Undergrad: 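The structure that follows is given in the form of structure tokens.
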Amino acid sequence: ISICRDLPNIEVITFSVNGISDLEPLHQCQNLSELYLRRNNIRSLDELFYLKTLPRLRVLWLAENPCCGPDPHRYRMTVLRNLPSLQKLDNQAVTEEELSQALVDGVEITAPPARSSVEDGWSECTASSAAGSSTEPDSELLSCSLEETNKTQEELDMKPVPRDKYCSFSPQESDCSHKKRSNVLNAILLLMKELDAEGLEIIQQTVTRRLQAFQKKELQEE
């Protein structure tokens, strides 16, 4: 996510399901207001140190990371103690009572996390390859990929994708390919928010040409 160092004005970021472990590149995103990091590889709440400098951060989704630990209360209190400006954490509204309780039950984070010489945050795809060649049924992969895409749509306040409109993949494609396609789609949806009218017109023209090329190819094959 080092690209974030070059996006100081970005306001919404969704990096869910990406094997991310290091949040340091986000500390320069001073306009960031919404950050979605669900189901990554963030092992320590000390990573919140890099988010404490973001004055406009109001929404954070951090659930399903190793740093959440076995105690949901302690986890939530620690996040709110260090990020008291949050209005919503893990899709749940933050209350004044929680903010007060966080001063008692939460842990103050005053230093960045210690880095090991070997990064632990390798991607799920790499982990799967190293573990072996076990594969899931194609229907399960489709279901998972559709679920993750709709979760991102929900995070961005967009309508979910109907199952009959979600393109299926061939059985030969690996789990990593499914995740890559889903991540590319999510990244495009996110970056489109950064474009002005002129930029969106260029995107529209490019998409139209691509669709026409696909339709022409389909007609030739028929």
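Starting from 1, each residue takes its place in the sequence as its number. The structure displayed is predicted, hence computed values, not measured ones. Heavy-atom basis, side chains included; hydrogens, waters and symmetry copies ignored.
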Undergrad: So that I can tick it off, tell me whether Glu108 and Lys52 are bridged by a salt bridge, with the cut-off set at under 4.0 angstrom between side-chain N and carboxylate O.
TA: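 Salt bridge flag = yes for Glu108 with Lys52.
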Undergrad: Are side-chain heavy atoms of Arg5 and Glu24 found at a separation under 4.5 Å?
TA: yes
Undergrad: Do Tyr50 and Pro112 come close enough that some side-chain heavy atom pair is under 4.5 Å?
TA: yes
Undergrad: Identify the heavy atoms of Leu83 and Leu48 that sit nearest to each other, and give their distance.
TA: CD1-CD2, 4.0 Å
Undergrad: Whether the side chain of Asp71 engages the backbone of His73 through a donor-acceptor N/O pair (distance < 3.5 Å, no angle test) should be reported.
TA: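 Pair found, side chain donor or acceptor close to backbone of His73.
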Undergrad: Within the supplied structure, the quantity of interest is the number of heavy atoms (other residues, nucleotides, ligands) at a distance under 6.0 Å from Arg58 CZ; does it exceed 12?
TA: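 Yes, the 6.0 Å shell around CZ holds more than 12 heavy atoms from other groups.
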Undergrad: Could you tell me which non-hydrogen atom of Pro25 sits nearest to which non-hydrogen atom of Ser2, and how far apart they are?
TA: CB-CA, 4.0 Å
Undergrad: Using only atom types and a distance under 3.5 Å, with no angle test, would you say the side chain of Asn41 pairs donor to acceptor with the backbone of Ile20?
TA: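 Side chain of Asn41 to backbone of Ile20: no pair is present.
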Undergrad: What distance do Asp22 atom CG and Arg43 atom CZ have between them, rounded to the nearest 0.5 Å?
TA: 13.0 Å
Undergrad: Identify, with sequence neighbours excluded, every residue that meets side chain to side chain donor-acceptor pair (under 3.5 Å) alongside Gln28.
TA: none
Undergrad: Can you tell me how far apart CG (Leu23) and SG (Cys29) are? Round to the nearest 0.5 Å.
TA: 11.0 Å
Undergrad: Could you check whether any side-chain heavy atom of Ile1 comes within less than 4.5 Å of a side-chain heavy atom of Phe15, counting everything from C-beta outward?
TA: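 Side-chain contact under 4.5 Å: yes.
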Undergrad: Hey, does Val59 have a side-chain heavy atom less than 4.5 Å from the side chain of Leu86?
TA: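 They are not in side-chain contact.
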Undergrad: Would a distance-only check, ignoring hydrogens and angles, find a side-chain to backbone donor-acceptor pair under 3.5 Å from Arg76 to Leu89?
TA: yes
Undergrad: Do you know the tightest heavy-atom contact between Leu57 and Leu35?
TA: CD1-CB, 4.0 Å
Undergrad: Between Gln30 (side chain only) and His27 (backbone N and O only), is there a donor and an acceptor less than 3.5 Å apart?
TA: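 Answer holds: yes.
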Undergrad: Would you say that Glu47 contacts Phe49 through its side chain, given a criterion of any heavy-atom pair below 4.5 Å between the two side chains?
TA: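 The answer is no; the side chains never approach within 4.5 Å.
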Undergrad: Determine whether Asn91 and Tyr36 make a side-chain contact, defined as any pair of heavy atoms from C-beta on separated by less than 4.5 Å.
TA: no
Undergrad: In terms of hydrophobic clusters joined by side-chain contacts under 4.5 Å, are Val104 and Val79 together?
TA: no
Undergrad: Is a side-chain N or O of Asn31 found less than 3.5 angstrom from the main chain of Ile10, in a donor-acceptor match?
TA: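 Checking the backbone N and O of Ile10 against the side chain of Asn31, no donor-acceptor pair under 3.5 Å is found.
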Undergrad: Is there a donor-acceptor pair closer than 3.5 Å between any side-chain N or O of Thr95 and the backbone N or O of Glu98?
TA: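 Judged by distance alone, yes, a pair lies under 3.5 Å.
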Undergrad: Looking at side-chain heavy atoms only, is the closest gap between Leu45 and Cys67 below 4.5 Å?
TA: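 Side chain of Leu45 against side chain of Cys67, heavy atoms only: contact under 4.5 Å found.
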Undergrad: Would you say Asn18's side chain and Ser16's backbone share a donor-acceptor pair under 3.5 angstrom?
TA: yes
Undergrad: Would you call Glu11-Arg56 a salt bridge at under 4.0 Å N-O?
TA: no
Undergrad: Please check if the side chain of Asn65 supplies one atom and the backbone of Cys68 the other of a donor-acceptor pair under 3.5 Å.
TA: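 Between the backbone of Cys68 and the side chain of Asn65 there is no qualifying donor-acceptor contact (under 3.5 Å).
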Undergrad: Whether the side chain of Asp105 engages the backbone of Met77 through a donor-acceptor N/O pair (distance < 3.5 Å, no angle test) should be reported.
TA: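 No; zero donor-acceptor contacts below 3.5 Å.
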